[in-house]
Structures are given as structure tokens and as C-alpha cells.
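The next block holds one structure in the form of C-alpha cells; read it before the comments.
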Amino acid sequence: MHDYLNWPFFENHHRVLAQDIDAWADQTLTPLAGKAEGDVDDLCKTLVGELSKGGWLDYVVPKAYGGKFEEFDVRSLCIIRETLARHLGLADFTFALQGLGSGAITLFGTNDQKQKYLPDVRGAKKIAAFALTEPKAGSDAANLSMTAKEMGDHYILDGQKTLISNGGIADYYTVFARTGEADGAKGISAFLVDADTPGLEVAERIEVMAPHPLARLKFSGVKVPKENLIGKPGEGFKVAMATLDVFRISVAAAALGFAKCGLIKAGKRAKSRKMFGVPMSELQMLQAMLAEMVMDVEASALLIYRAAWKRDVKKVRVTKEAAMAKLFATEAAQRVVDKAVQIWGGMGVVKGQTVEHLYREVRALRIYEGASEVQKIIIARKFLESLK
Ligand SMILES: Cc1cc2nc3c(=O)[nH]c(=O)nc-3n(C[C@H](O)[C@H](O)[C@H](O)COP(=O)(O)OP(=O)(O)OC[C@H]3O[C@@H](n4cnc5c(N)ncnc54)[C@H](O)[C@@H]3O)c2cc1C
């Protein structure tokens, strides 16, 4: 399972991390796996606490605030997400949101903001969320319409955000709103908004095919002090994109974890089930499916860890590499999990089976943090730029 860790993209501490988190996940997450359907709020809160106790949230905050490294080590984030996803999707979700919801503070926040939020994110005292999407602006996020009007030492926020992960259980939201310095992307700013701020309400809880805490939020005259502005006025879109740049590669890693889980489940089923007088795994059409699944998994891993290594070690922007990893790995995970369901036959679509859950779990990954079509545009643009 960990043979790819011998690739030159990794250092020894990554190999140790992979083994440690796998052992921790086996012990801690396996007993929780049966609770991943239905009301997931409590389970997510439990998981944040467990991830903190396990020391894994140390990887989402910088060293100066109790974290592991001076800055994000994307290979570690990917190893953690891949492993958590392989064991329990909601554990991966919880980990990712603590990172995504605090990433803007880590990258652009003031010392006071970092001091106030990051140790609590790490210590599971604050659940974080990232609120960019609106009912009329998802893929076209630069076109968002929530307003933030400057009024003395405050901003007043009005508008809506939707499909916000951790909506309803978060203690604070990183919110992007239009401050109007310019049209489009250059007129947006980023704010920290505590969940109990008057005027902020959870307008609707949204149920999705693989249960996650998700909500539509309504902001009516929400008063946010100026010290809660993250970065400079008008730089909010840059803040959002830089945060997503780090976490986009890790979405691909989560997809890889789901795909690996499906591959293992399919392989074991094929070896143990007899059909037409032989184990299923001896049927060549079945082997063809397995071969395609193995290729998809390993090609995803190559793209993911190449992108993460380049960002960590070469310290350059990896917009194209991250987009390629996200696009390929999320689409590949869908193919792999679909084949796993096929190999499991009728049992594959029975509620409660791991492959049935995986089938629902992987779908959203091709949509959020930039749909597949958006990734294609990024890759093509970067290629065309390179020809100049
Ligand atoms: C489970 C889940 C969790 C989420 N969590 C969060 C969160 O925590 N915070 C947050 O801010 N948002 C979150 N989102 C929202 C997510 O980021 C958006 O759903 C996503 O950006 C797509 O936006 P949209 O839903 O408005 O679809 P639209 O923007 O309407 O796009 C619809 C489809 O159009 C296609 N498309 C997009 N661009 C192009 C193009 N240029 N050319 C051709 N086709 C195109 C894509 O296939 C896309 O799926 C979450 C979504 C889901 C499903």
C-alpha cells in the first residue's frame, strides 16, 4: 500500500507519517465508520477532537502557533488526506475543513488573527469553514455579490453563501464579500466572521448524497470589525485562490484515498468469490478492470505527489500541476469506484456496503474546489502561456 513512498518525492519523515497515521486511523476511525450516515454533526465534532488529540491538526497550522512546520507541507497534507479518506470520508472532510477554513489566516492573517484563531483550530476549540460560493456564483466566484460596506471601524456584510461545508457547526467562517475597489475579482475582500455574530443565520441545512454538514448562510447587516479583514481590501480573491492552491492538490489526494479503498475492496472480493468454477479474479475481463483501476490509482499518485513535491521543494506556484492532479485523480476515483461497484455485483449497490458509500462519496469531488471543466481551462491556459 505504501510502496510509492519510495519515490524520490518523499523524505523520511513522510514515510514515518504515512505509517503512523495509517495505524492511528485503523485504531481510531474503524469503530466510527458505521456512524457516517444520517446526522453527521456530532460525528464531525467528535472527529475534530480525535484529529486534534492524534496530533494531525498540527499539520494545518504553522509552527509558531503550535503546528508542525513553518509553512504548509503539502506532501504531508496529501498523505494525511489520502489515508483518512481511505478509512473514513468524514475524517478527511473534517481535517480538510480545519485547513481550508484557517488557510487564509495562515497565509495572509495578522499576528493577532493568527494568535486568536490558529491555536484553537489546532486544539479543536474552533471549527473552521470557508464561505465563497453563493447561490448565483459558484464556478464564476469572481462574480460574487455579497457586499461588505465600510462604516467607520466596521464593515457591514449583506448577502448569502451556499453549499458551505461545516455550515451550522462552524465556530467561524472565512467569508469573501464585495468591497468594490474595482469590478470583478479585484473588488473582493476576505473577512473572519464568528458564527455567533448578530445577523448571521443558518438559513437552510442542505442534505447531500454522502452526508456532510452543509448549509446556506444568510448575512443581514452583519457588523464585522476592521481587524477581521484578512489581507488588504480588494485582495480577497487572491486570498481565496492562494488558499485553494494549497488545498486543491489535497482534494486529489482524498480522491486517491477513496480510489484505493475501492480498489482494495474490489480486489479482495474478486479473490474470494467463486464464479463459473474459478475465483472471479481469474476471469480475464475482471483482470482488465483491475488493471485499469491500478493504472488510475498509480497515475493519480504520480500527478499528486509530483505537484506537492514541486510546491514544497521547488517553492514555486503549481497552478497547472495542481489542476492536473485534481482533474485526473477525481475523475479517476469515479472510474475506479464505479468498477468496484460493478465487481461487487448486486451487493455493490446495497446500502451500508463500503463500495456503495464510496460511489456517493467521490461524486462531489469533481465539482467542488473547481469543477473538472474549470481545471481543464486552467491547464489549457497555462500551456498556452508557456508558448509565448
Ligand atoms: C459537498 C460540497 C461541499 C462544498 N463545500 C463548499 C465550501 O465549504 N465552501 C464554498 O465556498 N463552496 C463549497 N461548495 C460549493 C462548490 O465550490 C460549488 O458547487 C462549485 O464551485 C460549483 O459551483 P456551482 O455549484 O454554483 O455550479 P456552477 O458554477 O453553476 O457550475 C455548474 C457546472 O458547470 C460546469 N462548468 C463550470 N465552469 C464551466 C466552464 N467555464 N465551461 C463549461 N462548463 C463549466 C461544471 O461542470 C459545473 O459543475 C461545496 C459543494 C459541494 C457539492
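In what follows, residues are counted from 1 in the order of the sequence shown. Basis for what follows: all heavy atoms, side chains included, without hydrogens, waters or symmetry-related copies. Worth saying up front: this structure is predicted, and the values here are computed from it rather than measured. Both counts, for ligands and for their atoms, begin at 1 and track the order of listing.
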Do Phe69 and His13 have their ring centres less than 6.0 Å from each other?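 Ring centroids of Phe69 and His13 are less than 6.0 Å from each other.
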Using ring centroids (six-membered ring only for Trp), state whether Phe176 and Phe130 fall under 6.0 Å.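 Yes, they do, as the ring centres are separated by less than 6.0 Å.
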Please list, chain by chain and in numerical order, all residues satisfying side chain to side chain contact (heavy atoms under 4.5 Å, CB included) with Glu181, sequence neighbours excluded.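 Counting only residues at least two positions away or on another chain, Glu181 forms a side chain to side chain contact (heavy atoms under 4.5 Å, CB included) with Thr179, Ser189, Pro233.
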If we check salt bridge (charged side-chain N to carboxylate O under 4.0 Å, His left out) with Asp58, which of these qualifies: Lys68, Arg122, Lys63?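 Between Asp58 and the candidates, salt bridge (charged side-chain N to carboxylate O under 4.0 Å, His left out) is satisfied uniquely by Arg122.
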Under the side-chain hydrogen bond (donor to acceptor under 3.5 Å, both in side chains) rule, collect the residues that match up with Trp344, sequence neighbours excluded.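 Checked Trp344 against side-chain hydrogen bond (donor to acceptor under 3.5 Å, both in side chains); zero matches.
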Tell me every residue that passes side-chain hydrogen bond (donor to acceptor under 3.5 Å, both in side chains) with Ser250, counting only those two or more places apart in sequence or in another chain.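 Per chain and number, Ser250 pairs via side-chain hydrogen bond (donor to acceptor under 3.5 Å, both in side chains) with Arg81.
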Pocket residues of ligand 1, ordered first by chain and then by residue number (heavy-atom cut-off under 4.0 Å):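 Lining ligand 1: Phe130, Ala131, Leu132, Thr133, Gly138, Ser139, Leu163, Ile164, Ser165, Leu214, Ala364, Ile367, Tyr368, Glu369, Ala371, Glu373, Val374, Ile377.
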